[in-house]
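In this text the structure is predicted, and so the values were computed from the model without any measurement. The figures that follow rest on heavy atoms only: side chains count, while hydrogens, waters and symmetry mates do not.
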Amino acid sequence: MNLRHTMKGRRAVTAVAIATGLLLTVAGCGGGGDDDKPSAKDSSTTPSAKEEGGDDQQDESAPSTDSVLAEVKGENGVTLTVTSAQRDDGGFVTVEGTVVNNTGEAWVPANWLGDEKELAKNGASIAGANLVDQAGKKRYLVLRDTSGRCLCTKFTGGVDEGATAQWFAQFPAPPEGTTSVDFQVGSMPPATIELSEDE
């Protein structure tokens, strides 16, 4: 019994000694002193909190006006922006953009899913989007994988009030001669967008 208590005591003392040693090592590496402060010259090259993604972080994710192909408003304060519609070598078109929720509450894009029962497995997503080639009189639906899941954004948990969310959707490519199509999802108005070639 005494041997057991002795061993327990030694282990406790050893653990305390190791913890103290680590604490002193970390404190010694911390530095501190005026030498660590940047000089006035250095502070001009140090990025501010704003540049590092402080208050303007949402603006960085928002598209610049130069890259906006189309913007439509609807559904009680939802704004959908298309920033890219690019043809890829694989014979499809990837459309990307943002959605801003100004509805006054959290927003779940339930009617963006589409009417097909198979699309229900995609949850809150942009699976019901489509491209319409007015000249060719064809409508293109979002591509799906072999499990029936859309090749598109899923808005897990919805979009918070005032938040901006990125989205994408992939479609079969219209014929080479088609340069513009209408993008439409849910009850949002259609947005006419120009297609760009893969670079």
Side-chain angles (χ1 to χ4, degrees), residues 53 55-88 90-145 148-174 178-199:
D55 294 336
D56 283 349
Q57 188 168 7
Q58 187 157 333
D59 290 341
E60 290 176 11
S61 66
S64 69
T65 52
D66 294 338
S67 63
V68 172
L69 299 179
E71 182 177 277
V72 291
K73 297 182 180 184
E75 297 189 3
N76 303 319
V78 174
T79 301
L80 179 132
T81 303
V82 179
T83 57
S84 173
Q86 189 168 12
R87 290 179 182 271
D88 294 303
F92 54 90
V93 171
T94 302
V95 183
E96 298 177 347
T98 60
V99 61
V100 181
N101 174 16
N102 289 318
T103 63
E105 58 188 2
W107 174 74
V108 177
N111 69 343
W112 285 21
L113 179 60
D115 296 329
E116 295 177 61
K117 288 183 182 177
E118 185 182 43
L119 294 175
K121 66 181 73 172
N122 292 292
S125 70
I126 198 166
N130 60 77
L131 296 180
V132 176
D133 174 4
Q134 297 286 357
K137 300 185 177 356
K138 287 189 179 178
R139 183 167 66 125
Y140 299 89
L141 304 178
V142 174
L143 292 170
R144 303 169 203 178
D145 65 16
R149 290 182 174 81
C150 74
L151 300 181
C152 68
T153 296
K154 295 164 187 65
F155 299 100
T156 306
V159 180
D160 292 335
E161 156 60 19
T164 299
Q166 302 280 337
W167 61 265
F168 83 95
Q170 291 186 324
F171 302 88
T178 303
T179 57
S180 70
V181 291
D182 290 341
F183 176 86
Q184 206 272 325
V185 62
S187 60
M188 298 293 284
T192 302
I193 55 176
E194 297 292 322
L195 300 178
S196 62
E197 299 295 329
D198 189 16
E199 296 175 0

List the steps and the verdict of side-chain contact (heavy atoms from CB on, under 4.5 Å) for V99 and V78.
CA-CA 7 Å; V99 61; V78 174; 3.5 Å; yes

side-chain contact (heavy atoms from CB on, under 4.5 Å) for M188 and W112? Distances and angles first, verdict last.
CA-CA 9 Å; M188 298 293 284; W112 285 21; 3.7 Å; yes

Using residues 154-163 as the side-chain source, report each donor-acceptor pair under 3.5 Å to any protein atom, sequence neighbours left out, with the distance given to one decimal.
residue, atom, partner, partner atom, Å
K154, NZ, C150, O, 3.4
E161, OE1, T103, N, 3.4
E161, OE1, G104, N, 2.7
E161, OE1, E105, N, 3.4

Donor-acceptor pairs are to be reported for all side-chain atoms of residues 130-137 against protein atoms at under 3.5 Å, with residues two or more places apart or in another chain.
residue, atom, partner, partner atom, Å
D133, OD1, A135, N, 3.2
D133, OD1, G136, N, 3.0
D133, OD2, T178, OG1, 3.2
Q134, NE2, D182, OD2, 2.9

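Remark: the backbone N or O of A127 is not paired with any side-chain donor or acceptor of R144 at under 3.5 angstrom. Side-chain N or O atoms of Q184 include one that pairs as donor or acceptor with a backbone N or O of G186 at under 3.5 Å. A donor-acceptor pair under 3.5 Å is formed between the side chain of T153 and the backbone N or O of F168.
Contact of the F171 side chain with the L141 side chain is not registered, since no non-hydrogen atoms from C-beta on lie closer than 4.5 Å. Using a 4.5 Å cut-off on side-chain heavy atoms (C-beta onward), I126 and V142 make no contact.
By the 6.0 Å contact criterion, CG on D88 is enclosed, its count of non-hydrogen atoms from other residues, nucleotides or ligands being greater than 12.
Pairing each heavy atom of V95 with each of W167, the nearest pair is O-CZ3, 3.5 Å. Minimum heavy-atom separation, T192 to A70: O-CB, 3.8 Å. Across T94 and Q170, no two heavy atoms sit closer than the pair OG1-NE2, 3.0 Å. Of all non-hydrogen atoms in A124 and V108, the two that sit nearest each other are CB-CG1, 3.8 Å. What you find for V72 and A191 is that their closest heavy atoms are CG1-CB, 3.9 Å. Heavy atoms only, all atoms of each residue included: V181 and P174 are closest at CG1-CG, 4.0 Å.
Residue K73 holds its NZ atom at 8.5 Å from OG1 of T81, rounded to the nearest 0.5 Å. For the atom pair CD1 of I193 and OG of S180, the computed distance is 9.0 Å after rounding to the nearest 0.5 Å. A distance of 11.0 Å separates OG in S125 from CG in L151, rounded to the nearest 0.5 Å.
Not counting sequence neighbours, E96 has no partner by the side-chain hydrogen bond (donor to acceptor under 3.5 Å, both in side chains) test. With sequence neighbours left out, the side-chain contact (heavy atoms from CB on, under 4.5 Å) criterion links K138 to Y140. Take W107 and apply the side-chain hydrogen bond (donor to acceptor under 3.5 Å, both in side chains) test, not counting sequence neighbours, and it matches no residue. When the side-chain contact (heavy atoms from CB on, under 4.5 Å) test is applied to T179, the partners found at least two apart in sequence or on another chain are E194.
In this structure, a donor-acceptor pair under 3.5 Å is absent between the side chains of S196 and Q86. No donor-acceptor contact under 3.5 angstrom links the side chains of N102 and T79, judged on distance only.
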